[in-house]
Visitor: 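Below you'll find the structure I mean.
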Amino acid sequence: MSSVVPPAAWSGARRVPVSNAVLGTGVYVATAIMFFGGLVSAYLVLRAGSPAWPPAGQPRLPVAITGANTLVLLASGLCVWWARRAAQLQSRTRALHAAIVLGFVFVGVQGIEWIRLVGYGLRASGGSYGATFYTIVGAHAVHALGGIAMLVVTSRFVRAGRGDLPAALLYWGFVVLLWPVLYALVYLV
Amino acid sequence: MSEQSGFWSRYVFSTDHKTIAKQYLITGLIMAVLGGWLAQGMRAQIAWPYTDVPGFGLIEPGRFNALVTMHGTIMVFWVAMPILLGAFGNFLIPLMIGARDMAFPKLNMLSYWTFFTSTVVLVASFFVDAGPAAGGWTSYPPLSADPGYTGVHLGTDLWILAVALEFASMLMGGVNYLTTTVNMRAPGMRMMDLPIVVWMQLSAAVLFMLSVGPLISGAVMLLLDRNLGSGFFDPAKGGDPLLFQHLFWFFGHPEVYVILLPGIGMVAEVMTSCARKTLFGYRMIVISVIAAGLLSFIVWAHHQFVSGLDPRLALPFALTTILISVPFAVVLFSLIATLWRASIRYTPAMLFAVSTVAMFLIGGTTGIFLGAAAADIYFHDTYFVVAHFHYTLFPATILGMLTGIYHWFPKMFGRMLNETLGKVHFWLTILFFNLTFIPQFVLGIAGHPRRVADPLQYDLLLRDMQSYNIVSTVGAIGLFSVQILFIVNFFLSMLRGRAAEANPWQATTVEWLTPSPPGHGNFAGEVVAVRGPYEYSPPGEDTDWLPQGELQPAMHSATSR
Ligand SMILES: [Cu+2]
């Protein structure tokens with residue numbers, strides 16, 4: 001069972017409209033959208049079945065700070081879009097680094113707000129208000145951390161002349177654009 | 001080529017799709033034996049309640065629930081998924097589209113080892129205190145959320161963890177299947193030139209990816225309910241137990257097609273090559289599968305007609321459910337039409353293929369009784385349901401998988417299976433399968449509830465019908481035992497079967513162009529597709545088949561990239 005043709009010579013003879021990386025990422029993003037669809041529909045069902053929302057005695061969510069934080073995340077998304085468009089390697093990596101820093105700021109502020117809310121008595125075990133909040137926001141934070149890791153890896157690859165910026169943009173774009181929807185649903189409405 | 005030498009990188013941590021396929025196959029077969037074994041304990045308890053069962057001992061109701069739960073879980077998630085998608089998806093997709101491997105070989109390896117880990121976690125749950133999960137394979141809360149109902153603590157958490165890992169593994173597989181099929185087809189092979197089994201694998205992957213998200217969200221909530229007391233499914237905390245059922249069946253119904261389609265695809269491949277006729281209605285089959293896939297997202301509540309579903313929702317879901325049988329009828333009739341006036345070669349694979357369709361027709365037809373909300377109120381939670389879904393899932397997964405193994409074994413292992421042994425295995429399997437499940441239809445119509453450990457505790461009429469339960473159990477024992485023939489055939493032939501030529505079945509598709517078994521890289525040259533996939537008995541030709549592809553000299557230089 002020796003090698004018929006060495007892997008180095010396996011030609012990618014086909015010209016394809018979307019790269020493997022973008023396609024694979026796209027498939028994952030579709031799955032993740034359905035995952036958040038499940039969480040959001042659970043949220044809507046539980047909220048509709050609740051007599052008051054937020055229930056009496058539960059703390060209000062930090063609308064203003066999180067709104068500002070939303071802008072930070074959107075700016076981070078813009079940076080990746082920028083990196084994708086930039087012609088020079090240096091401006092690409094610089095834009096990616098800015099996106100990574102802004103991404104960390106977003107997740108960090110979210111974390112601090114979480115801790116403050118726990119201090120105010122918002123508990124995951126205290127009913128569906130707290131439970132849905134922590135689950136939805138936490139799930140988004142996990143996806144954001146995954147996205148930051150992807151940006152870090154991509155920025156290293158870009159410096160080596162490889163790496164798939166469109167795939168990173170696709171995934172980070174998903175994380176960035178999903179957040180305003182969740183913010184509106186959970187914090188505003 | 002140092003990366004290819006060495007035992008570990010070649011047989012264990014291999015990135016070659018064929019090796020990964022075999023790893024999935026062997027793991028899945030071992031789990032099939034375990035799943036079948038659990039059913040033996042279950043059936044013995046039902047036929048002869050509270051007698052010592054050899055190998056099990058006394059089975060009390062709590063253990064019976066665990067047997068039911070783990071049998072279902074294992075058969076769906078650790079047999080059907082890994083064998084039909086993990087093994088055959090991995091083996092067939094690159095070979096049949098003329099690719100050298102999957103799009104992401106390392107992700108593929110990670111997928112198998114994630115699956116392996118999930119298997120270890122699941123098997124470990126048998127050995128923890130209070131045993132494995134016992135809340136049913138659907139894991140409905142409060143049975144699954146509150147240990148007070150089943151007495152199982154850690155077992156349920158391990159169950160959720162194992163299922164989550166299994167999903168992660170299948171997700172990685174799905175990313176690979178879709179990307180590979182779309183981007184790595186041989187030059188000249190358009191989407192409508194794909195062998196039908198590749199279409200089925202692709203559709204199954206898409207269905208899985210689009211339906212699994214809501215269930216993962218449900219599993220996350222269940223895990224939080226169990227460990228943090230979040231109460232998503234607990235009415236006392238403002239939660240809703242029906243919510244889990246919706247999330248589960250939004251996945252659960254498409255999942256039926258995820259494990260149905262690959263088997264039907266393999267059946268179609270075997271039928272067209274053994275009938276020496278082109279596949280009837282290729283385009284209609286593809287369109288029907290896409291239509292069924294779309295419909296499968298709006299039928300799920302037919303599982304909840306008696307769960308407290310809003311009665312106004314029952315009618316629309318009953319309608320979509322009846323509607324979804326139309327595309328599947330199209331597929332099955334296309335398969336039957338493929339056989340029309342053919343000179344059929346009855347290889348063991350062909351026998352299994354034909355019986356898959358025959359048995360599935362019984363399963364599909366009895367599904368209409370359950371899809372109609374009014375009839376379902378009577379049939380729900382009876383053995384009629386058990387018989388029905390075994391008549392769909394057993395043909396589609398077990399018979400479909402056996403079809404695939406008997407057909408592609410030569411390509412996988414380079415040796416032929418024993419044909420006589422295969423035919424004996426076929427006839428005994430079909431006999432005992434029907435012996436097991438036909439009595440269950442009768443019992444179900446008489447009102448025999450499912451998931452009860454002791455049917456004799458219901459005095460009214462079931463006492464007189466216990467003989468049906470005994471017949472069914474005898475069938476189950478036979479069905480399990482005759483698989484020894486297959487296991488013996490499988491391993492003996494793998495070691496000392498007749499050496500297989502490249503194309504023992506004179507089949508047209510591309511995987512038969514390369515030696516059996518194919519080496520690393522699959523093809524000695526570049527595959528170019530020159531005609532459609534099923535050019536059997538072409539008019540005006542001397543030969544009765546023309547291959548879909550041709551091999552052209554490989555472009556060796558590194559610059560050809
Ligand atoms: Cu269903």
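A, B, ... follow the sequence lines: proteins, then strands. Residue 1 opens every chain. On a predicted model such as this, the values are computed, not experimentally measured, just so you know.
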Visitor: Name the option with the most non-hydrogen atom pairs under 4.5 Å to chain B; the candidates are A:Val45, A:Leu39, A:Ile33.
Guide: A:Leu39
Visitor: Given side chains that start at C-beta, do those of A:Phe104 and A:Ile100 come closer than 4.5 Å, heavy atoms only?
Guide: yes
Visitor: Any sub-3.5 Å donor-acceptor pair from B:Asn108's side-chain atoms to B:Pro105's backbone N or O?
Guide: no
Visitor: Determine whether B:Tyr177 and B:Phe208 make a side-chain contact, defined as any pair of heavy atoms from C-beta on separated by less than 4.5 Å.
Guide: no
Visitor: Which atoms of B:Ile216 come close to chain A, meaning under 4.5 Å heavy atom to heavy atom: side chain ones, backbone ones, both, or neither?
Guide: both
Visitor: Under 4.5 Å heavy-atom distance to chain B, tell me which part of A:Ser50 shows up: side chain, backbone, both or neither.
Guide: neither
Visitor: In terms of heavy-atom proximity below 4.5 Å to chain A, should B:Phe250 be classed as side chain, backbone, both, or neither?
Guide: side chain
Visitor: For A:Thr132, which atoms come within 4.5 Å of any heavy atom of chain B: side chain, backbone, both, or neither?
Guide: both
Visitor: Identify which of B:Thr180, B:Leu178, B:Val220 forms the greatest number of heavy-atom pairs closer than 4.5 Å to chain A.
Guide: B:Leu178
Visitor: Answer yes or no: is there a donor N or O on one side and an acceptor on the other, between the side chain of B:Arg100 and the main chain of B:Asn522, under 3.5 Å?
Guide: no
Visitor: Check for a donor-acceptor pair, side chain of B:Lys18 on one end and backbone N or O of B:Gly519 on the other, with a separation under 3.5 Å.
Guide: yes
Visitor: Select, from B:Leu247, B:Leu243, B:Asp225, the one with the greatest count of heavy-atom pairs under 4.5 Å involving chain A.
Guide: B:Leu243
Visitor: For A:Trp114 and A:Tyr134, what are the C-alpha separation, side-chain angles and deciding distance, and is it a ring-ring contact (aromatic ring centres under 6.0 Å, His included)?
Guide: CA-CA 8 Å; A:Trp114 262 44; A:Tyr134 286 117; 5.0 Å; yes
Visitor: For the residue pair B:Ser296 and B:Leu207, establish whether any side-chain heavy-atom pair is separated by less than 4.5 Å.
Guide: yes
Visitor: Out of A:Ala42, A:Ser19, A:Gly37, return the one with the most heavy atom pairs under 4.5 angstrom to chain B.
Guide: A:Ala42
Visitor: Report which part of B:Met172 has an atom under 4.5 Å of a heavy atom belonging to chain A: side chain, backbone, both, or neither.
Guide: neither
Visitor: When heavy-atom pairs shorter than 4.5 Å are enumerated against chain B, which of A:Ala21, A:Gly38, A:Pro55 gives the highest number?
Guide: A:Gly38
Visitor: Who wins among A:Leu46, A:Val27, A:Val18, A:Asn20 for the most heavy-atom pairs under 4.5 Å with chain B?
Guide: A:Asn20
